[in-house]
Amino acid sequence: MAGALQAYTQAENAAFAATYDPQEPRNKVTVVLGAQWGDEGKGKVVDLLAMDADIVCRCQGGNNAGHTVVVDSVEYDFHLLPSGVLNKKAVSFIGNGVVIHLPGLFDEAEKNLQKGKGLQGWEERLKISDRAHIVFNFHQAVDGIQEQQRQQQEGKNLGTTKKGIGPAYSSKAARNGLRVCDLVSDFKVFEEKFRMLADHFLTMYPKLNVDIDGELKQLKDYTERLRPLVTDGVYFMHKALNGPSKKILVEGANAALLDIDFGTYPFVTSSNCTVGGVCTGLGVPPSYVGRVYGVVKAYTTRVGVGAFPTEQDNETGDLLQSRGREIGVTTGRRRRCGWLDLILVRYAHMVNGFSAIALTKLDILDTLPEIKVGVAYKVDGKPLPSFPANMDVLTRVSVDYQTFPGWCCSTEDARSFKDLPSQAQNYIQFIEDFLQVPVKWVGVGKSRESMIKRF
Ligand code: GDP
Ligand code: IMO
Ligand code: MG
């Protein structure tokens with residue numbers, strides 16, 4: 001025990017030794033995860049829960065994520081920074097499972113600083129794991145080339161965000177990636193490894209257009225700014241979990257159906273966006289995972305390519321897209337829209353074990369006379385017993401829908417469940433019954449106030 005805690009002071013070690021009980025975690029983490037294909041409104045839910053949090057963490061993904069948070073009519077966009085960074089009393093933490101593009105991180109902070117006061121002093125309240133991998137500009141360029149090649153060779157690409165996420169996680173898995181700890185150590189050693197990694201990609205992609213010297217200079221400039229933020233993430237989390245009472249939140253990026261293992265492979269991202277990513281991406285033992293909240297949009301959206309059984313490529317889809325302002329925060333792409341797919345959300349629940357659900361964007365359904373929910377898949381007229389692994393099968397499914405009468409009035413001013421029209425209440429209750437998970441929050445607008453808390 002003493003050896004494991006050697007980075008602590010003697011007094012801290014004594015305090016831990018006195019209280020440490022592996023069977024009885026001191027502080028558990030509360031986790032917020034996307035239950036569909038992303039953009040469910042995780043940022044908003046995290047912001048709400050972060051108002052009294054002590055630590056808010058990101059555990060996976062990179063700046064492929066785009067989380068919008070509206071506070072005092074100011075719309076902040078976060079990609080790498082945890083949305084809880086708006087809480088000036090909380091520490092924000094970027095864990096080892098995240099891949100960080102440093103120019104992206106500093107640009108994002110700068111842009112949000114211009115928007116409002118929320119980001120002031122962000123550098124003083126951000127910690128970054130020394131084990132997090134770095135996304136380089138050439139990873140982003142390679143992402144673009146790989147997409148072009150897929151298009152040329154297979155006639156379609158994945159529709160990635162071109163933020164270098166796949167190539168950076170590939171470097172991590174190939175064990176030639178570079179981490180934050182490499183950058184803040186001896187720069188000469190870092191430079192050598194950086195040039196080797198760049199050469200590796202140049203050999204694979206001779207057309208790669210990269211300014212190696214320019215990027216090295218840029219990275220050197222960032223190093224001094226980065227150094228004070230860097231911490232040993234394992235010790236940071238251990239201290240947080242076992243020290244005095246603390247509220248710790250984890251903000252998932254991307255979502256269950258984009259998970260590299262459980263998502264609609266290969267049309268997925270390159271990290272684990274389900275609950276396992278919390279443990280591996282932060283160094284949190286499983287017994288310290290507390291509540292896991294799934295964020296579910298009241299309909300379904302998807303950005304990029306891939307099967308989408310409940311997609312409405314028609315007037316309904318257009319209406320959801322325009323009323324829901326379904327435009328990607330990261331890439332500005334129009335999101336594909338369709339009905340709520342409960343087969344898919346139930347599958348996400350099977351993997352994540354949601355304690356409760358935050359149902360967002362109910363207000364977007366306000367004008368629809370009829371609302372449908374996907375409740376079963378069939379292939380060749382036969383019911384499918386489970387969510388299929390094979391994308392050829394998912395592309396061919398036909399969906400059985402349950403149809404609900406719409407409420408055709410505004411829910412935007414509702415502040416409690418009983419303020420909602422009975423049709424909307426029935427819709428929510430059906431979701432709960434189907435999933436056997438309580439709906440704890442209902443979103444009826446963009447702002448913090450427009451989130452109904454039921455219990
Ligand atoms: P995330 O990636 O899961 O954090 O979600 P995004 O921020 O990419 O997309 C969700 C969008 O919906 C954002 O523009 C939010 O401001 C907005 N939003 C979240 N909840 C609600 C809601 O209940 N109603 C409405 N109208 N908008 C919402
Ligand atoms: P948030 O956190 C929606 C999608 C991309 C693409 C696929 C792979 O805002 O919910 P990548 O760049 O990760 O290699 O792209 O994954 N994708 C997202 N779609 N919301 C996201 O994040 C996404 N992150 C990745 O559109 O189809
Ligand atoms: Mg998003």
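Ligands are counted one by one from 1 in listed order, and the atoms in each one are counted from 1 as well.
- Taking the six-membered ring for Trp and the full ring otherwise, F354 and Y293 have centroids separated by 6.0 Å or more.
- For the pair T360 and ligand 1, the shortest N or O to N or O distance does not fall below 3.5 Å.
- Partner of E326 under the side-chain hydrogen bond (donor to acceptor under 3.5 Å, both in side chains) criterion, chosen from R302, K361, R333: K361.
- Relative to the six-membered ring of F417, R454 meets both conditions, a distance below 6.0 Å and an angle of at most 45° to the axis.
- The Mg ion (ligand 3) has an N, O or S atom of G66 inside 2.8 Å of it.
- Against a heavy-atom cut-off of under 4.0 Å, T161 is close to the following atoms of ligand 2: 11 (P), 12 (O), 15 (O).
- Between the side chain of T310 and the main chain of W339, a donor-acceptor pair closer than 3.5 Å is present.
- Annotation: F194 is in aromatic contact with F138 [ring centroid separation under 6.0 Å].
- The ligand atoms of ligand 2 that sit less than 4.0 angstrom from a heavy atom of A253 are 2 (O).
- Considering L183, V135, I134, L80 as possible partners of I100, the one that fulfils the side chain to side chain contact (heavy atoms under 4.5 Å, CB included) test is L80.
- For E40, every N, O or S atom stays at 2.8 Å or more from the Mg ion (ligand 3).
- Distance check, rounded to the nearest 0.5 Å: OG1 of T411 to CG of D363 gives 5.0 Å.
- Close approach to T160 involves these atoms of ligand 2, each under 4.0 Å from a residue heavy atom: 6 (C), 11 (P), 12 (O), 14 (O), 15 (O).
- The aromatic ring centroids of F201 and H139 lie less than 6.0 Å from each other.
- The contact set between ligand 2 and W37, taken as ligand atoms under 4.0 Å from a residue heavy atom, comprises 3 (C), 19 (N).
- In terms of protein heavy atoms, atom 14 (O) of ligand 1 is closest to K446 NZ, 3.4 Å.
- For atom 13 (C) of ligand 1, the closest non-hydrogen atom of the protein is T68 CB, 3.7 Å.
- If you run salt bridge (Lys or Arg N to Asp or Glu O under 4.0 Å) between E75 and each of K111, R325, K446, K44, only K446 comes through.
- For K163, no heavy-atom contact with ligand 2 is shorter than 4.0 Å.
- Per-residue contacts place A65 under 4.0 angstrom from the following atoms of ligand 2 (heavy atoms of the residue considered): 1 (P), 2 (O), 9 (O), 22 (O).
- At least one heavy atom of G66 sits closer than 4.0 Å to an atom of ligand 2.
- One option in V303, V268, L158 has a heavy atom closer to atom 8 (C) of ligand 2 than any other, and that option is V268.
- Protein heavy atom nearest atom 4 (O) of ligand 1, with residue, atom name and distance: G43 N, 2.9 Å.
- Taking only nitrogen or oxygen atoms, main chain and side chain alike, G41 reaches within less than 3.5 Å of ligand 1.
- Looking at N137 and H101, their side chains do bring a donor and an acceptor atom within 3.5 Å of each other.
- By the 3.5 Å distance cut-off applied to N or O atoms, G66 is counted among the residues near ligand 1.
- Residue, atom and distance of the protein heavy atom nearest to atom 19 (C) of ligand 1 are K44 CD, 3.7 Å.
- In the model, Y377 has a side-chain atom that pairs as donor or acceptor with a side-chain atom of D341 under 3.5 Å.
- Closest heavy-atom approach to atom 12 (O) of ligand 1 within the set E412, K297, K361: this belongs to K361.
- Of the N and O atoms on the side chains of Q149 and Y205, not one donor lies less than 3.5 Å from an acceptor on the other residue.
- Looking only at heavy atoms of the protein, atom 18 (C) of ligand 2 is closest to L258 CD1, 3.4 Å.
- In terms of protein heavy-atom proximity, atom 26 (O) of ligand 2 is closest to R333 NH2, 3.0 Å.
- In K42, the part holding a heavy atom less than 4.0 Å from any atom of ligand 2 is the side chain.
- Residue contacts with ligand 2, taken as heavy atom pairs separated by less than 4.0 Å, involve N254 via backbone and side-chain atoms alike.
- Nearest-heavy-atom check against atom 26 (N) of ligand 1 across D363, T330, V45, V295 picks out D363.
- Judged by a 6.0 Å distance limit and a 45° cone about the ring axis, K372 is positioned over the six-membered ring of Y401.
- Atoms of ligand 2 found under 4.0 Å from any heavy atom of T269, numbered from 1 in the order shown, are 11 (P), 13 (O).
- Restricting D39 to its N, O or S atoms, the one at the least distance from the Mg ion (ligand 3) is OD1.
- Looking at R335 against ligand 1, only its side chain comes within 4.0 Å, counting heavy atoms.
- Residue-level proximity to ligand 1 for D39 is carried by backbone and side chain together, each with a heavy atom below 4.0 angstrom.
- Residue contacts with ligand 1 include G445, since one or more of its heavy atoms lies under 4.0 Å from the ligand.
- Not a single N or O atom of D143, backbone or side chain, sits closer than 3.5 Å to an N or O atom of ligand 2.
- Of the N and O atoms on the side chains of N352 and T274, not one donor lies less than 3.5 Å from an acceptor on the other residue.
- Remark: ligand 2 atoms within the under-4.0 Å shell around heavy atoms of D39 are 1 (P), 3 (C), 9 (O), 10 (O), 20 (N).
- Annotation for ligand 2: atoms under 4.0 Å from non-hydrogen atoms of G159 are 5 (C), 6 (C), 26 (O), 27 (O).
- Contacts between L362 and ligand 1 below 4.0 angstrom, taking non-hydrogen atoms only, are absent altogether.
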